[in-house]
Amino acid sequence: MIITALVGLDGIERGVIDDVPKDLRTVWSPKDAVSSAKRSRRLILDMALIRAIDAIDVYLREAVRKPALIQSTSFRRDLDSAGLSIFKKMLAVEQHCPNLGRIPVAIVFLMIAWRNRGAHTEADLDAPQIYLDILRDNAKELAQRFSGLDAEMLLGGYGAVRPVTFKEVASLINAAHQLVAELDTLLLTSLDMELFLKDVIWTSLSDSQKPNERIDQTRKRRAVSIWGKDPSDRGDAVLRLLGQQGFSKIRAKQQLGAVISEDLITTLSQLTPKAVLRWAKLPS
């Protein structure tokens, strides 16, 4: 979509487009169409930069919502203390996940600080020098992994607070994808699966509260609808519930990410409604 918008603006700059489509039902008469297109190009790239950074923020917020991928109390506390600051949230990620790929982390830090310098209340928070050095010292790998991205041009643009280029925004989006994919794998493979499953079940049992129904009544009703079934049908009902929560069946030797053991599924399927409520309730 970014490329499509930039192609359209290029058409305006080259004079190929000189009138507004009739179906837009608006007036378009800039004093200087070329200058207007160039300003619009900067706006689109700035918005793409902001959206890519916000996507990381959304992932981190979702990762602490129940059922939570981030189970570490200290990690959750540090993310919570960061408030609305994605920069401070990334500092928490850096502290608690020190083995993440350094180049994607460095690009993300740089782009957050670049955005903040341009138009944000966190303008006093610069990218940590260690990450600027990582980008400079790994210029060859940076170019190989991010379609020829030039480290000196990137760092020079950051230092001068110039508008970001399309290549730089595209590299940030790529780096954000790599960072989230790596972080997601790390969180999934380090899950305490029984604890996570309790969180999943408890959250599910708390859904669909009816008017004038207390939450404890909702949980009991939901538990009875699944664990109150005949033992011969209960296992399938539990699997359907887990499927509704995003789990899927896998074949042997195709285990990726987090896996619920067969023993845990069997134990869960043998519980009664009262027993599953006791099992799933986590300490306050």
How far does [atom1] of [X] sit from [atom2] of [Y], to the nearest 0.5 angstrom?
X: Asp150; Y: Ser171; atom1: CG; atom2: OG; answer: 11.0 Å
X: Cys97; Y: Met90; atom1: SG; atom2: CE; answer: 9.5 Å
X: Ile50; Y: Ile86; atom1: CD1; atom2: CD1; answer: 13.0 Å
X: Asp216; Y: Leu277; atom1: CG; atom2: CG; answer: 9.5 Å
X: Leu132; Y: Tyr158; atom1: CG; atom2: OH; answer: 6.0 Å
X: Lys167; Y: Leu154; atom1: NZ; atom2: CG; answer: 11.5 Å

Pairs where residues 43-75 contributes a residue and the test ring-ring contact (aromatic ring centres under 6.0 Å, His included) is met, not counting sequence neighbours: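 ring-ring contact (aromatic ring centres under 6.0 Å, His included) check on residues 43-75 returns Phe75-His96.
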ring-ring contact (aromatic ring centres under 6.0 Å, His included) contacts in which one or both residues fall within residues 127-154, not counting sequence neighbours: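 Listed once each, the pairs are Phe109-Tyr131.
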N-O pairing of Glu141 and Arg102 below 4.0 Å: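 Answer for the salt bridge query: no.
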List the atom of [X], the atom of [Y], and the distance in Å for their closest heavy-atom pair.
X: Ala127; Y: Ala113; answer: N-CB, 3.4 Å
X: Ala68; Y: Arg76; answer: CB-NH1, 3.0 Å
X: Asn99; Y: Glu182; answer: O-OE2, 3.6 Å
X: Ala175; Y: Pro104; answer: O-CB, 3.8 Å
X: Val276; Y: Ala223; answer: CG1-CB, 4.0 Å

Verdict with supporting geometry, Ser261 and Asp263, side-chain hydrogen bond (donor to acceptor under 3.5 Å, both in side chains): CA-CA 5 Å; Ser261 69; Asp263 288 345; 5.4 Å; no
Contacts of type salt bridge (charged side-chain N to carboxylate O under 4.0 Å, His left out), residue Asp133, not counting sequence neighbours: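 Scan of Asp133 (salt bridge (charged side-chain N to carboxylate O under 4.0 Å, His left out), adjacent residues dropped) gives Arg136.
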Verdict with reasoning, Ser204 to Arg222, per side-chain hydrogen bond (donor to acceptor under 3.5 Å, both in side chains): CA-CA 8 Å; Ser204 173; Arg222 294 270 290 151; 2.9 Å; yes
side-chain contact (heavy atoms from CB on, under 4.5 Å) partner of Lys89, chosen from Ile56, Asp80, Asp57: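 Running side-chain contact (heavy atoms from CB on, under 4.5 Å) over Ile56, Asp80, Asp57 with Lys89 returns exactly one hit, Asp57.
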Derivation and outcome, side-chain hydrogen bond (donor to acceptor under 3.5 Å, both in side chains), residues Gln178 and Arg145: CA-CA 11 Å; Gln178 291 186 32; Arg145 291 179 60 180; 2.4 Å; yes
Could you see if [X] belongs to whatever hydrophobic cluster contains [Y]? Use Ile, Leu, Val, Met, Phe, Trp, Tyr and a side-chain cutoff under 4.5 Å.
X: Met111; Y: Met153; result: no
X: Val224; Y: Trp279; result: no
X: Val105; Y: Val58; result: no
X: Phe166; Y: Leu142; result: yes
X: Leu264; Y: Leu69; result: yes

Verdict with reasoning, Arg219 to Ser206, per side-chain hydrogen bond (donor to acceptor under 3.5 Å, both in side chains): CA-CA 5 Å; Arg219 294 185 186 117; Ser206 304; 2.8 Å; yes
Any donor-acceptor pair under 3.5 Å from Glu152 side chain to Gly156 backbone: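 No: the side chain of Glu152 does not pair with the backbone of Gly156.
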